[in-house]
There are 2 protein chains.
Amino acid sequence: MARAATTSDVFNAVAEPRRREVIDLLAGGERSVGELVSALGTPQPQVSKHLRVLLEVELVSVRREGRHRLYRLEGQGLKQIHDWVGAFAPLWQERLDALDAVVQQLKTEEEGVSSDE
Amino acid sequence: MARAATTSDVFNAVAEPRRREVIDLLAGGERSVGELVSALGTPQPQVSKHLRVLLEVELVSVRREGRHRLYRLEGQGLKQIHDWVGAFAPLWQERLDALDAVVQQLKTEEEGVSSDE
DNA sequence: AGCAAACATTCCTATATAGGTATATATTGC
DNA sequence: GCAATATATACCTATATAGGAATGTTTGCT
């Protein structure tokens with residue numbers, strides 16, 4: 001089998017860089033497809049297709065406003081990712097702490113020796 | 001073009017459910033391929049291939065221990081995802097707050113009226 | 001009704017997998 | 001060196017896209 005469908009889950013949906021860009025843009029508020037197209041510099045059909053995927057995993061919602069379609073970011077879907085990845089926070093935190101320790105160590109050594117620059 | 005390579009970035013790497021499972025297992029500490037294979041119930045070659053992908057995006061590291069290869073989770077790579085998705089936290093937070101407000105509202109109404117139910 | 005604007009959808013193509021199966025490589029013990 | 005264990009890699013196949021181009025479809029205006 002090939003990779004799982006992008007519409008299967010949120011992780012897959014945001015795996016595509018262009019879609020993350022769309023999400024970034026929508027973070028600023030509702031946007032019409034046309035606005036997204038100009039902002040992204042991507043052909044309109046592609047943008048529409050990415051929006052469709054985001055819509056299917058419910059990362060965005062739409063409403064009509066005259067001839068325009070205003071897409072809106074629905075952040076809750078991202079919470080799932082945040083929760084999963086957040087569980088591992090202690091791991092990189094640990095690393096950062098370890099780095100701090102090393103830096104401190106170097107600093108102390110430097111003060112003590114201060115031989116070569 | 002098809003989808004971007006899974007080895008291109010961390011987002012793509014974790015888009016695959018099985019790889020997230022591997023990461024979950026490695027959260028418990030170093031594991032050999034064999035241990036992962038039994039835990040996942042997935043054929044060994046597949047597991048090795050998933051590990052290769054995770055290795056290329058540096059989400060894991062390996063060291064040899066006799067005939068075994070012990071894989072270790074390198075959490076820092078996940079920080080990237082956490083940071084990106086974390087920027088949208090206010091959005092679902094907002095929603096939760098809104099929900100709270102609605103619940104409060106209903107509660108108040110219920111107390112005030114207490115007609116049906 | 002007729003036309004244009006704003007999007008969505010369809011069709012086609014190239015490609016990157018994910019899984020399955022078989023095989024290669026490395027390490028340990030005898 | 002040889003067999004066995006533990007992993008990695010190679011090869012093959014089916015499939016889900018992502019992008020490009022063309023065409024539908026809905027809405028607003030006159």
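Chain letters run A, B, ... following the sequence lines, proteins first and then strands; every chain starts at 1.
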Have a look at A:Pro45 and say if it touches a base, only the backbone sugar-phosphate, or nothing, with a 4.0 Å heavy-atom cut-off. base
Taking any heavy-atom pair under 4.0 Å as a contact, classify B:Ser32: base, sugar-phosphate, or nothing. sugar-phosphate
For D:dA18, take OP1 and OP2 only and decide whether either is under 4.0 Å from a side-chain N or O of A:His50. no
How does each nucleotide of nucleotides 25-30 of chain C score, in 5' to 3' order, for protein heavy atoms under 4.0 Å: base (B), sugar-phosphate only (S), or none (-)? -SBS--
Most 5' of B:Lys49 and B:Leu70 on DNA chain D, judged by nearest nucleotide: B:Leu70
Once hydrogens and angles are ignored, does a donor-acceptor distance under 3.5 Å link the base of C:dA18 to the side chain of B:Glu16? no
Whole-Å distance separating the CD atom of B:Gln44 from the P atom of D:dT5: 14 Å
In whole angstroms, how far is the P atom of C:dT17 from the CZ atom of B:Phe11? 17 Å
At what distance, to the nearest 0.5 angstrom, does CG of A:Asp24 lie from CH2 of B:Trp84? 6.0 Å
Specify the separation, in whole Å, of atom CD of B:Gln46 and atom C1' of D:dC11. 13 Å
Does B:Arg52 make a side-chain N or O approach to OP1 or OP2 of D:dT9 shorter than 4.0 Å? yes
For atom CZ of A:Arg63 and atom P of C:dC7, their distance in whole Å: 13 Å
CG of B:Leu51 to CG of B:Leu26: how many Å apart, nearest 0.5 Å? 7.0 Å
Non-hydrogen side-chain atoms of A:Trp92 and B:Lys79 separated by less than 4.5 Å: yes
Take A:Glu21 and A:Arg19, measure what salt bridge (charged side-chain N to carboxylate O under 4.0 Å, His left out) needs, and give me the verdict at the end. CA-CA 5 Å; A:Glu21 284 186 61; A:Arg19 280 196 289 265; over 6 Å; no
Tell me whether B:Glu56 is salt-bridged to B:Arg52, with the criterion being a basic N under 4.0 Å from an acidic carboxylate O. yes
Could you grab the distance from atom CD of A:Glu35 to atom CG of A:Leu70, nearest 0.5 Å is fine? 7.5 Å
